[in-house]
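The structure presented is a predicted model; accordingly, all values stated were derived computationally and were not measured. The figures that follow rest on heavy atoms only: side chains count, while hydrogens, waters and symmetry mates do not.
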Amino acid sequence: MATKLIILCLLLSVLAVTATGPKVSYAKKMDPKTLKMDRHFLVHFHLYWHDTVSGAKPSSVAVLPPRNKATVFGQLNLFDNPLTIGPEPSSRRVGRSQGMYAGTASDQIGLMMGMTFAFTTGKYNGSSFTVFGRNAITEHEREMPVVGGTGKFRFARGYALAKTHHLNPDTFDAVVEYDVYVLHY
């Protein structure tokens with residue numbers, strides 16, 4: 001009886017595996033060297049971000065109005081801002097910063113920012129990295145994480161330090177100085 005029970009269990013196990021088919025994996029371990037991930041590079045970028053909300057051709061547009069005008073809580077802006085090597089708008093452009101910022105602090109002017117620094121010239125042309133985090137713009141220096149990248153910045157991580165270089169109190173046009181440290185392979 002015990003032998004028949006064991007044979008029946010084995011037979012049912014074989015039928016169960018046959019009925020469900022072979023196991024197909026959707027992920028596999030890889031050697032990082034196959035993606036040339038055996039060396040790290042640390043790059044420091046010093047850039048200026050030009051956010052123009054006024055005029056006939058703004059680079060940043062509010063798509064949701066604020067619920068609280070004093071803190072801009074609830075406001076959502078989408079932007080496509082120039083990145084330059086100097087603070088003047090006429091400085092040499094090296095790329096664009098595209099993304100959004102939202103007023104997420106109800107008691108102060110604080111933004112949640114998600115933006116991609118996309119390079120259009122030089123060694124990093126066609127590559128980008130993404131910064132995503134809190135930006136309390138009334139603070140002298142703000143820190144946000146680099147959370148990834150494309151092209152030469154695949155698997156990127158690091159941090160960005162932002163300082164307001166110039167803010168026009170009438171138009172709210174701003175130039176922000178960015179020091180970004182990007183670690184990549």
Side-chain angles (χ1 to χ4, degrees), residues 41-66 68-150 152-153 156-184:
F41 300 96
L42 179 63
V43 182
H44 170 229
F45 291 95
H46 185 88
L47 302 165
Y48 290 86
W49 183 85
H50 299 263
D51 192 51
T52 305
V53 296
S54 69
K57 292 182 75 177
S59 63
S60 179
V61 177
V63 294
L64 287 176
N68 178 338
K69 289 191 180 201
T71 64
V72 299
F73 181 65
Q75 182 169 318
L76 175 65
N77 276 55
L78 301 179
F79 61 84
D80 183 6
N81 291 340
L83 293 171
T84 64
I85 60 170
E88 302 81 20
S90 60
S91 294
R92 185 166 61 100
R93 287 187 183 189
V94 294
R96 307 213 49 92
S97 177
Q98 298 164 326
M100 63 179 170
Y101 53 84
T104 55
S106 62
D107 60 345
Q108 64 173 292
I109 300 176
L111 306 175
M112 183 283 303
M113 295 193 71
M115 61 184 158
T116 298
F117 284 54
F119 294 91
T120 56
T121 63
K123 178 179 180 179
Y124 301 108
N125 184 21
S127 297
S128 66
F129 58 80
T130 300
V131 173
F132 189 88
R134 181 176 182 267
N135 185 352
I137 63 172
T138 56
E139 294 177 11
H140 172 69
E141 184 173 74
R142 292 88 66 192
E143 182 176 339
M144 294 170 277
V146 172
V147 297
T150 65
K152 292 188 184 283
F153 300 116
R157 59 188 186 276
Y159 66 97
L161 298 174
K163 291 185 218 169
T164 302
H165 178 76
H166 175 74
L167 174 65
N168 183 321
D170 297 324
T171 63
F172 294 105
D173 292 347
V175 177
V176 180
E177 179 180 9
Y178 274 91
D179 280 294
V180 187
Y181 298 86
V182 181
L183 185 65
H184 66 97

Q | Intermediate values then yes/no, side-chain contact (heavy atoms from CB on, under 4.5 Å), Phe153 and Val182 | A | CA-CA 8 Å; Phe153 300 116; Val182 181; 3.8 Å; yes
Q) Quick one: which of Arg142, Lys163, Met144 gives a side chain to side chain contact (heavy atoms under 4.5 Å, CB included) with Tyr178? A) Met144
Q | Leu83 and Trp49, any side-chain heavy atoms less than 4.5 Å apart | A | yes
(Q) Nearest 0.5 angstrom please: Phe45 CZ to Asp179 CG, how far? (A) 11.5 Å
Q) So, Asn81 and Ser59: side-chain donor and acceptor under 3.5 Å apart, yes or no? A) yes
**Q.** Distance-minimising heavy-atom pair for Val175 and Pro87
**A.** CG1-O, 3.8 Å
Q. Which heavy atom in Leu64 sits nearest to a heavy atom in Gly74, and how many Å separate them?
A. CB-O, 4.0 Å
Q.
Using 0.5 Å steps for rounding, measure from the CD atom of Gln75 to the CG atom of Asn68.
A. 11.0 Å
Q. Are the side chain of Arg157 and the backbone of Leu183 linked by a donor-acceptor contact shorter than 3.5 Å?
A. no
Q.
If you define the side chain from C-beta out and look only at heavy atoms, does anything of Asp51 sit under 4.5 Å from Asp173?
A. no
Show me the donor-acceptor pairs within less than 3.5 Å that the side chains of residues 110-126 make with the rest of the protein, sequence neighbours left out.
residue : atom : partner : partner atom : Å
Thr116  : OG1  : Thr130  : OG1          : 3.3
Thr120  : OG1  : Val94   : O            : 3.4

**Q.** His50 side-chain N/O to Thr84 backbone N/O, donor-acceptor pair under 3.5 Å
**A.** no
Q.
Please find the pair of heavy atoms, one from Ala160 and one from Val146, that lie closest to each other, and give the distance.
A. N-CG2, 4.5 Å
Q. With sequence neighbours excluded, what pairs up with Tyr181 under the ring-ring contact (aromatic ring centres under 6.0 Å, His included) test?
A. His44, Tyr159
Q) Distance from Arg93 atom CZ to Ile85 atom CD1, nearest 0.5 Å? A) 12.5 Å
Q | Donor-acceptor pair, side chain of Thr150 and main chain of Ser128, under 3.5 angstrom | A | yes
